[in-house]
Amino acid sequence: MKDKLKGAPLWALGAMSGTSLDGVDAAMVQTDGQRILAFGESGYRPYTAPERTALKAALGRWPGEDTRAALEVVQGAHAELLAGFPQAELVGFHGQTLAHEPRGRGTHQLGDGDALARALCRDVVWDFRSADVALGGEGAPLAPFFHFACAKWIGATAPVAFLNLGGVGNLTWIDPSKSAPEDEGALLAFDTGPANAPLNDLVAERLGLDCDRDGALAAKGAVVDGALELFLEETYFRKMPPKSLDRDDFSLMMELVRELSDADAAATMTAMAATAVMLGMEHCPGPPERVLVTGGGRHNPVMMAMLAAGLDCEVAPVESVGLDGDMLEAQAFAYLAVRVLRGLPTSAPGTTGVAAAVSGGQISRV
Ligand SMILES: Nc1ncnc2c1ncn2[C@@H]1O[C@H](COP(=O)(O)OP(=O)(O)OP(=O)(O)O)[C@@H](O)[C@H]1O
Ligand SMILES: CC(=O)N[C@H]1[C@@H]2OC[C@@H](O2)[C@@H](O)[C@@H]1O[C@H](C)C(=O)O
């Protein structure tokens, strides 16, 4: 406890169950809540097919509605994976987002931090998004404060952007000359649009596949301009950031490609995700020196080629600067957990539109 009060570095373990519903990522970060000192071990626990079905069935449900089966899946998978990290001094537990409506019913991440703390015999930080929403913020994205620390860690001297291509896409523009992430002008962040989630749903529905692996299907198709243009008319793209999305906010996308062949639909949906990023970039203060891509979409060469062709700067996976694109979000919640413990902010007006910088999260102590 003494060390925690002094602000000495801790080894924190972060866990993320993302919108793609593929599984739980976990990763260790050594940090004092400001600087990243070291990255540690990581692990992954995929959901089984029946577990995924239970989670999918619970999407869109709010507290008070029946989510027992999904909660059991989330708690069990996390307890199993995180027990393999006995060296963790603190745990950051994101949980599974079931619904996100910051201007309406709020934001709902399924997970019980008290129960996980008891199971692991470790202090657990969780419910990261509610406080931000209560203060008028979007509650997302939250990785930007960690992206700021990563920009410092890689020694960036010019503006740089992180792009996460998960189920949903999110972009963080960073001015690394600022000393803290909550400083005015240090960060601009927002969800860009759909990334992989609708494409996964399409190939699952039509072909029984998990995803368009390596963009193989999209590579065989052609982008249908009419569908792409209709999609880009969505008001979301013109809206000034901060702004955030729920996983299924773009049901229109599926409608627009319904009559297309499998390959053309995949190519067009990939172009929709990439073009949404390009439109998002227009909201940034200026072109970054480079866009560092994280999340599963960086493995899709068709998506990466479209981004490189459409953006005015270098586009590269985060591995190009020594980071791990499969674990960046889990690492983010390890880092944010230490910030919550130390009372440091985890979001600011530039990242979520919250009225003032706020330290979110609840702490369940053992
Ligand atoms: N080799 C690949 N080719 C094409 N797509 C891939 C490949 N590998 C992963 N993906 C895509 O990336 C997705 C997983 O990305 P990621 O793990 O970043 O998502 P997530 O963390 O669940 O989402 P979010 O960041 O929205 O919470 C997969 O569902 C798939 O669509
Ligand atoms: C509400 C919610 O869970 N949003 C996720 C989702 O997945 C990507 C994008 O939409 C981002 O806004 C966020 O996750 C990342 C980890 C974030 O908060 O930075």
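Counting starts at 1 for both ligands and their atoms, in listed order.
Between Ser347 and Asp132, the side chains place a donor N or O and an acceptor N or O closer than 3.5 Å (distance only, hydrogens not considered). One side chain, Gln96 or Ser17, offers a donor N or O that lies under 3.5 Å from an acceptor on the other. For the residue pair Asp183 / Ser179, a side-chain donor-acceptor distance below 3.5 Å is found, with atom types taken as modelled.
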For ligand 1, list all ligand N or O to protein N or O distances below 3.5 Å, rounded to 0.1 Å.
residue  : atom   : partner : partner atom : Å
ligand 1 : 1 (N)  : Asp214  : OD1          : 3.0
ligand 1 : 3 (N)  : Asp214  : N            : 2.7
ligand 1 : 10 (N) : Gly296  : O            : 3.4
ligand 1 : 12 (O) : Asn196  : ND2          : 3.4
ligand 1 : 15 (O) : Gly296  : N            : 3.2
ligand 1 : 18 (O) : Gly296  : N            : 2.9
ligand 1 : 19 (O) : Ser20   : OG           : 3.0
ligand 1 : 21 (O) : Glu329  : OE1          : 3.4
ligand 1 : 22 (O) : Thr19   : N            : 3.3
ligand 1 : 22 (O) : Ser20   : N            : 2.9
ligand 1 : 22 (O) : Ser20   : OG           : 3.1
ligand 1 : 23 (O) : Thr19   : OG1          : 3.3
ligand 1 : 23 (O) : Gly167  : N            : 3.0
ligand 1 : 25 (O) : Asn164  : ND2          : 3.0
ligand 1 : 25 (O) : Glu329  : OE1          : 3.2
ligand 1 : 25 (O) : Glu329  : OE2          : 2.8
ligand 1 : 26 (O) : Thr19   : OG1          : 2.5
ligand 1 : 26 (O) : Gly167  : N            : 2.8
ligand 1 : 26 (O) : Val168  : N            : 3.2
ligand 1 : 27 (O) : Thr19   : N            : 2.9
ligand 1 : 27 (O) : Thr19   : OG1          : 3.4
ligand 1 : 29 (O) : Asn200  : ND2          : 2.8
ligand 1 : 31 (O) : Asn200  : OD1          : 2.7
ligand 1 : 31 (O) : Asn200  : ND2          : 3.2

Would you tabulate the polar-atom pairs, meaning N/O of ligand 2 against N/O of the protein, with distances under 3.5 Å, reported to 0.1 Å?
residue  : atom   : partner : partner atom : Å
ligand 2 : 3 (O)  : Thr97   : OG1          : 2.6
ligand 2 : 3 (O)  : Arg129  : NH2          : 3.4
ligand 2 : 12 (O) : Asp191  : OD1          : 2.7
ligand 2 : 12 (O) : Asp191  : OD2          : 3.2
ligand 2 : 14 (O) : Arg129  : NH2          : 3.4
ligand 2 : 18 (O) : Arg129  : NH1          : 2.8
ligand 2 : 18 (O) : Arg129  : NH2          : 3.0
ligand 2 : 18 (O) : Leu142  : N            : 2.7
ligand 2 : 19 (O) : Leu142  : N            : 3.0
ligand 2 : 19 (O) : Ala143  : N            : 2.8

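Counting non-hydrogen atoms of neighbouring residues, nucleotides and ligands closer than 6.0 angstrom, the CG atom of Asp114 exceeds 12 such neighbours.
In this pair, Phe128 and Phe333 present their aromatic rings perpendicular. The plane angle is above 60°, beyond the 30 to 60° band.
Salt bridge annotation for Glu282-Arg238: absent, with no cationic side-chain nitrogen under 4.0 angstrom from a carboxylate oxygen.
With sequence neighbours excluded, the residues that form a side-chain contact (heavy atoms from CB on, under 4.5 Å) with Pro285 are Trp173, Leu188. Contacts of Thr294 classified as side-chain contact (heavy atoms from CB on, under 4.5 Å), with partners at least two apart in sequence or in another chain: Asn164, Val318, Leu328.
For the pairing with Phe162, the side-chain contact (heavy atoms from CB on, under 4.5 Å) check across Leu171, Ile174, Asn170 returns one residue only, Ile174.
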